[in-house]
Amino acid sequence: MSVSYSQVTDWVSAFAVAVAENKEYLTELDSAIGDADHGINMNRGMQAVVGKLGASTADDQTDIGALLKTVGMTLVSTVGGAGGPLYGTLFLQMGASAAGKPELSPQDWADALAAGVAGVQKRGKAERGDKTMLDALMPAVDKLQDALASGASFDDAVQASATAAQEGMTATIPLVAHKGRASYLGERSANHQDPGATSSWLLLRAAADTFSGNGAD
Amino acid sequence: MSVSYSQVTDWVSAFAVAVAENKEYLTELDSAIGDADHGINMNRGMQAVVGKLGASTADDQTDIGALLKTVGMTLVSTVGGAGGPLYGTLFLQMGASAAGKPELSPQDWADALAAGVAGVQKRGKAERGDKTMLDALMPAVDKLQDALASGASFDDAVQASATAAQEGMTATIPLVAHKGRASYLGERSANHQDPGATSSWLLLRAAADTFSGNGAD
Amino acid sequence: MKKLINDPADVVKEALQGVAAAHGDRLKVLTDPNVIVRADAPIEGKVGLVSGGGSGHEPMHGGFVGPGMLDAACPGEVFTSPTPDQMLEATKAVNGGAGVLHIVKNYTGDVLNFEMAADLARAEDIEVEAVVIDDDVAVQDSLYTAGRRGVGTTVLAEKICGAAAEQRRSLTDVADLCRKVNANGRSMGMALTSCTVPAAGKPTFELGPNEMEIGIGIHGEPGRERKEVVPVHEIVSMLATPIVEDLPFGSGDKVLAFVNGMGGTPLIELYIVYYELHRFLSDRGIEISRNLIGPYITSLEMQGCSITLLKLDDELTALWDAPVNTPGLRWGA
Amino acid sequence: MKKLINDPADVVKEALQGVAAAHGDRLKVLTDPNVIVRADAPIEGKVGLVSGGGSGHEPMHGGFVGPGMLDAACPGEVFTSPTPDQMLEATKAVNGGAGVLHIVKNYTGDVLNFEMAADLARAEDIEVEAVVIDDDVAVQDSLYTAGRRGVGTTVLAEKICGAAAEQRRSLTDVADLCRKVNANGRSMGMALTSCTVPAAGKPTFELGPNEMEIGIGIHGEPGRERKEVVPVHEIVSMLATPIVEDLPFGSGDKVLAFVNGMGGTPLIELYIVYYELHRFLSDRGIEISRNLIGPYITSLEMQGCSITLLKLDDELTALWDAPVNTPGLRWGA
Ligand SMILES: Nc1ncnc2c1ncn2[C@@H]1O[C@H](COP(=O)(O)OP(=O)(O)O)[C@@H](O)[C@H]1O
Ligand SMILES: Nc1ncnc2c1ncn2[C@@H]1O[C@H](COP(=O)(O)OP(=O)(O)O)[C@@H](O)[C@H]1O
Ligand SMILES: [Mg+2]
Ligand SMILES: [Mg+2]
Ligand SMILES: [Mg+2]
Ligand SMILES: [Mg+2]
C-alpha cells in the first residue's frame, strides 16, 4: 500500500475543489475575525495550481517531490497574504521531504506532512493554541504518526488524521488568537472558527478521501 | 383700517415661526427636486431676522420701509442660495416702496408687495409657470389688487391673497421647472411641489393671519 | 446620519477653524463673513481671482487658494451659495488694483449672490468681471432653463486663470481666458450613493441597492436618469459619449482628462475609470496629454465620479503646467 | 455591492493599467508580477526603497513612487499582501548598488512575504534590509501576539526615508532612520462604516446605524471596541489620548499631525477632526509644526479617520520638507 504520483495529483485537485466549494465560507469566517480574503486567496492559488498541473506535459511523472514543490511555488506566487507563504512552505517542505520519490509509503507520507507542518511553524512562529492553521495541522500529524506507529492501516491512519484536523479546527472556536490578523481582536476573536484551520482541515479531508478506501491501492 | 409698524413686525415674526415649524417640510420638498436646503436656509435667515429685530432698540418705530430693508439685508447676508437674494430682494423692494411710512394703507401694502414681487422677478428672471416662488407670489399680488379695486375689505383681500398663493403653490405640482436647481430635472421635476412657492405661501398666510380679523385694526 | 462632526450647525465654522489651524502660514481665514484668502493678498498689480460656492465640495474652492490659483474663496453653508457680503469682502481683500475676476458656477443662487456682490464692489470702485462656468452636459441647455450647471471645468479654470493672473495678464485677458476654458470644457457625473447634508440629517435621495444616477449634480440633484448599475466600461461610455459629442471632441484633439471622485469613491476605482476613459478616447483618436485624477470637486460622502474633458492648445497646456501651490493642488512649488 | 469596476477579479490589473496610462511618463508599471517602479530606476548609488501591501489603500503605496519617496511599490490583491516574486522583482529593479530597504507594515502576510523575498534577493547578492512599521496603538503589543499593526506612520516613513535616500545616505543609515520614524510615530483609527472587498461582494463587517468601531484596522479588521457614535471632539479624544500616552508625547514636543481619511470621508470632516486635534494637543502643550490632512492610507470606501502623530526633531523636519514628486504627495518639485 503506497501513494502514487497520480494520487498526489488527485489529492491536490480534490483540495482545489474543496477550496472552490468553500470559498465563500472561508471568506465569511475570515471576515468575522480577519480581513475577508482567505477563501478568495486560497481559491486564486489553487486554481493557479490546477492550471499549472493541467498544463504540465511532463511524461516523466516520477518525482512527487518536484510535483509538491511546483504546487508550493505556485501558491507562494499567487496567494499572497499569510496563507501564501504558509501553505507555500507546507508544500515546499513536503516536496523537499519527498524529493525524487516516485511513490510514497505511508511513513513517507507522514514524514512529508510532518516536514511541511514543521515548515509552517518555523515560518509563522506560531504555537499550538494560537488559533491558526497549526491547530488543525499539528494534531493531524501527531495522529497520523501515532496511528502508523501503533500498526493501524493507512486507510485508518489518514481518516484518523483528518478527524484530528477537524477536532483541532473546531477547538479553535473558543480560543483567543495570538497570531495573524485575528490576534488584533483580542478577546473578541473567541467564538469564531479560524479560517486557516478550516482550510487545513479541507486539505487533510481531501487526503483521507483520496488515499483511503478504493482511493488508495 | 391700516397696517401699523408693530403689525409688520408681527407679520415678520409670524413668518419666522411658520418657517421654523416647516423647516423639515421645506427641506424635504427641496430634496425631491433640489438640494435639500431650502428650509434650513430660510430658517437660518429668519432666525437671524428675529434676532436682529429683537436686538433693535429703536424707540422710533416710524419707518416701516427701514424695517423691511433691515429684514431684506439680513436675509441677503444670512440665507445664501437662491432664496437669499430672492427673499432679500422681496423685502428690500417692499422697503423701498414703504420708505418713510409709519403705517400702510391697504393700497400701500398692496403696492409694497407688488414692488417686492417685481423685484424678485427682475432679479431671478423667471416667469409665471416656471415652477418657482413667483407662482405663489404673483397670483397673490394680483388677487390682492383686484380685491381692493373691487372694494373688498382689507380682511377679505389679504385672505383672498393668501388663498391665491396657496392655489399657486399647489399648481406648481404638475409643472416642469424652468428655473432654479429643479430645472435640471426636466420632466422629473413634475409631480413635486416647489419649495420656494411653499415658503412664499407661508409668507402670505402669515400676512393674512396677522392683518385680518382681530389682527388688523 | 453618522459623520465626524459636532453640531451640524457648526460644520462650516469648525472646518474653517481647521483650515486656519492647518494652513495659517499661507492662508488667512476671515470670519464674519467667512472668506479664505491668500496670506499675501492683495498682490499689487495682479488680477485677483475669487470663487466660492456652497461648502461640501472640498477641496474646491478653499483648498485652491494660493499662488498660481485663487486669491480668495467664499465658503457658503453646505451646498448653499455664499452671500454677497462674503464675496464683497473677498473682492476687497484681493483687489491689488488690477481688478477682480469672479469665477461663478452656474447655479441660480451662486449667480444671484455674485451679481449682487459685483454691484456692491463696483459701487466701491473695484473693477469686477464675472465668468459663469456651465460645462455639465447632463442637462441640456435651452432658452427656457437656467442653463447648464457648472462642475469640473471650474477646477481647471481656476488653475489656468490663476497661472495667467500670476503672469500679470489684464482682467479682460484673464476673463476671456476663463470663458475660453469654459467653452472648451465639458463634464458629466454619476452617483452610486447619495450624500447627506448634515443639517438635513438624512440622505438627499435614495438609490436602490443596484441603482445609479447618471448625470447627477454635485449637490445630489438628480440628473438624466436612474439605471441599473453596469460595469464601469459602460458607465464611462455613458458619461464620455455625451461629453465628446457635445463640444464635439474629435480625432487629433489633445485633451486634459479629469477623472473626479465624488468624495466617497476609492481612488483605486478612479484609476479604473481612467483606464476605461483612456481606451474610450484612444478609440476615437483623442489624445490625453494631461490628466488629473482624484477627489477635487466633491459632494460630501457621495460615491460616484465625474469626467471632465478640456480641449487643450499650447496656451492652455503651458498655463496648466505652471507652478501652483495650494493645499489641494500643488506642483512646481 | 456597487462599485466602479468591471469584473472583481480584474480590479487590481485594470487599476494598474490606469496608473500606467496616467503616469507612464514617470512610472513604469510591470505586470507578471505586478510592480510600480520609478521610470528612472535603478539610480546608481542610491539606496532603493521598496514597499508594498494589499491594494485598496491607495494612494499608498503605488501613489508614493517617485523622486523623494519610494522607488517601487508592490500591489497585492485587495487587502492581501503581495507575493515574494513581486518584491524580488521590485528589489532587482531598484537596486542601484547601494542596497535596498524594504518598508513593511506589520501584518503576518506582509512580513512573511517580504521575508521570503529578502531571502531570494540576498541569494542574488543584493543587500536588503527590512524595517517593520508597527505604530497602531489600538491593539496593545504583547509577547504573545503578532504585535502592533502598521498604519499611518508608514506614509511618513516612506516620505522621510525617501528624502534621506535622495541624499545618498547609506542603507544602514536609511534603515536606522526608518526605525527612528517608527519609534516616534503612533496612530489610531476609527470607522463609521465598513468597506466592501470587491471579490467578497459584501461589507466586511456590519455597524449599526449609530455605531462606530474605535481602533479599526485598515482592512476592516475590528479594533478595540464598538460604541455609539459621539461628537467628533470626543472621537478625537478617544484616538489621541492613547496615542499621546503611549509614546508618550508631552508638553514642549513638536509633532507632525497626520489626519487621514479612510477613503469615504468628506474632506470637510477631516478638517473638523484636525481642528479638534489641534485643540487637544494645544491643551497639552504639544505643538503641531507640520501637518498632513487627506486620504493617504485608505480602506476602500470606508468612512472614518485615523490620527498619526510623529515626534519631530530638526532632522526629521528637514527630511519631511525636502522635495517629493509622486502622484500622491508632491511639493518642492
Ligand atoms: N503566524 C502564523 N502561523 C500560522 N498560521 C497563521 C499565522 N498567521 C496567520 N495564520 C493563518 O492564516 C490564516 C489567514 O490567512 P489569509 O486570510 O489568507 O491571510 P491574511 O491573514 O494575510 O489575510 C489565519 O486564519 C491563520 O490560520
Ligand atoms: N430664478 C428664480 N426666480 C424665482 N425663484 C427662484 C428662481 N430660482 C429658484 N427659485 C426659487 O428658489 C427656491 C429654492 O431656494 P433654495 O433652496 O433656498 O436655494 P437653492 O436653489 O440655491 O438651493 C426654489 O424652490 C424656487 O422657488
Ligand atoms: Mg485574511
Ligand atoms: Mg435648495
Ligand atoms: Mg442650495
Ligand atoms: Mg489578507
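Everything numeric here is computed off the predicted structure, so don't read it as measured data. Naming convention: chains lettered A, B, ... in sequence-line order (proteins, then strands); numbering from 1 in each chain.
Both the backbone and the side chain of D:Leu192 have a heavy atom closer than 4.5 Å to some heavy atom of chain C. When heavy atoms are compared at a cutoff of 4.5 Å, D:Val11 approaches chain C by way of both its backbone and its side chain. In this structure, the portion of C:Ile293 lying under 4.5 Å from any heavy atom of chain D is its side chain and not its backbone. Both the backbone and the side chain of D:Pro59 come within contact range of chain C, with heavy atoms under 4.5 Å apart. D:Val19 touches chain C through backbone and side chain together, each having a heavy atom under 4.5 Å away. Residue D:Met302: no heavy atom, backbone or side chain, is found under 4.5 Å from chain C. For C:Ala21, the parts lying near chain D are the backbone and the side chain together; criterion is any non-hydrogen pair under 4.5 Å.
Shown are D:Val259, D:Ile268, D:Val232; of these, the side chain to side chain contact (heavy atoms under 4.5 Å, CB included) with C:Leu4 is made only by D:Val232.
Among D:Ala257, D:Ala333, D:Pro323, the residue making the largest number of heavy-atom pairs under 4.5 Å with chain C is D:Ala333. Highest contact tally toward chain D, considering only C:Gly264, C:Cys195, C:Ala22, is held by C:Ala22 [criterion: heavy-atom pairs under 4.5 Å].
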Compile the donor-acceptor pairs, distance criterion under 3.5 Å only, formed between chain C and chain D.
{"unit_1": "C:Lys2", "atom_1": "NZ", "unit_2": "D:Leu192", "atom_2": "O", "d": "2.5"}
{"unit_1": "C:Lys2", "atom_1": "NZ", "unit_2": "D:Gly208", "atom_2": "O", "d": "3.0"}
{"unit_1": "C:Lys2", "atom_1": "NZ", "unit_2": "D:Glu211", "atom_2": "O", "d": "2.8"}
{"unit_1": "C:Leu4", "atom_1": "N", "unit_2": "D:Glu269", "atom_2": "OE1", "d": "2.9"}
{"unit_1": "C:Ile5", "atom_1": "O", "unit_2": "D:Val232", "atom_2": "N", "d": "3.0"}
{"unit_1": "C:Asn6", "atom_1": "OD1", "unit_2": "D:Val232", "atom_2": "N", "d": "3.3"}
{"unit_1": "C:Asn6", "atom_1": "OD1", "unit_2": "D:His233", "atom_2": "N", "d": "3.1"}
{"unit_1": "C:Asn6", "atom_1": "ND2", "unit_2": "D:Glu276", "atom_2": "OE2", "d": "2.7"}
{"unit_1": "C:Gln17", "atom_1": "OE1", "unit_2": "D:Tyr275", "atom_2": "OH", "d": "3.4"}
{"unit_1": "C:Ala22", "atom_1": "O", "unit_2": "D:Asn291", "atom_2": "ND2", "d": "2.9"}
{"unit_1": "C:His23", "atom_1": "NE2", "unit_2": "D:Tyr271", "atom_2": "OH", "d": "2.6"}
{"unit_1": "C:Leu192", "atom_1": "O", "unit_2": "D:Lys2", "atom_2": "NZ", "d": "2.5"}
{"unit_1": "C:Gly208", "atom_1": "O", "unit_2": "D:Lys2", "atom_2": "NZ", "d": "3.0"}
{"unit_1": "C:Glu211", "atom_1": "O", "unit_2": "D:Lys2", "atom_2": "NZ", "d": "2.8"}
{"unit_1": "C:Val232", "atom_1": "N", "unit_2": "D:Ile5", "atom_2": "O", "d": "3.0"}
{"unit_1": "C:Val232", "atom_1": "N", "unit_2": "D:Asn6", "atom_2": "OD1", "d": "3.3"}
{"unit_1": "C:His233", "atom_1": "N", "unit_2": "D:Asn6", "atom_2": "OD1", "d": "3.1"}
{"unit_1": "C:Glu269", "atom_1": "OE1", "unit_2": "D:Leu4", "atom_2": "N", "d": "2.9"}
{"unit_1": "C:Tyr271", "atom_1": "OH", "unit_2": "D:His23", "atom_2": "NE2", "d": "2.6"}
{"unit_1": "C:Tyr275", "atom_1": "OH", "unit_2": "D:Gln17", "atom_2": "OE1", "d": "3.4"}
{"unit_1": "C:Glu276", "atom_1": "OE2", "unit_2": "D:Asn6", "atom_2": "ND2", "d": "2.7"}
{"unit_1": "C:Asn291", "atom_1": "ND2", "unit_2": "D:Ala22", "atom_2": "O", "d": "2.9"}
{"unit_1": "C:Gly332", "atom_1": "N", "unit_2": "D:Ala333", "atom_2": "O", "d": "2.8"}
{"unit_1": "C:Ala333", "atom_1": "O", "unit_2": "D:Gly332", "atom_2": "N", "d": "2.8"}

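Residues C:Leu267 and D:Pro295 have side chains not in contact (no heavy-atom distance under 4.5 Å, counting atoms from C-beta outward).
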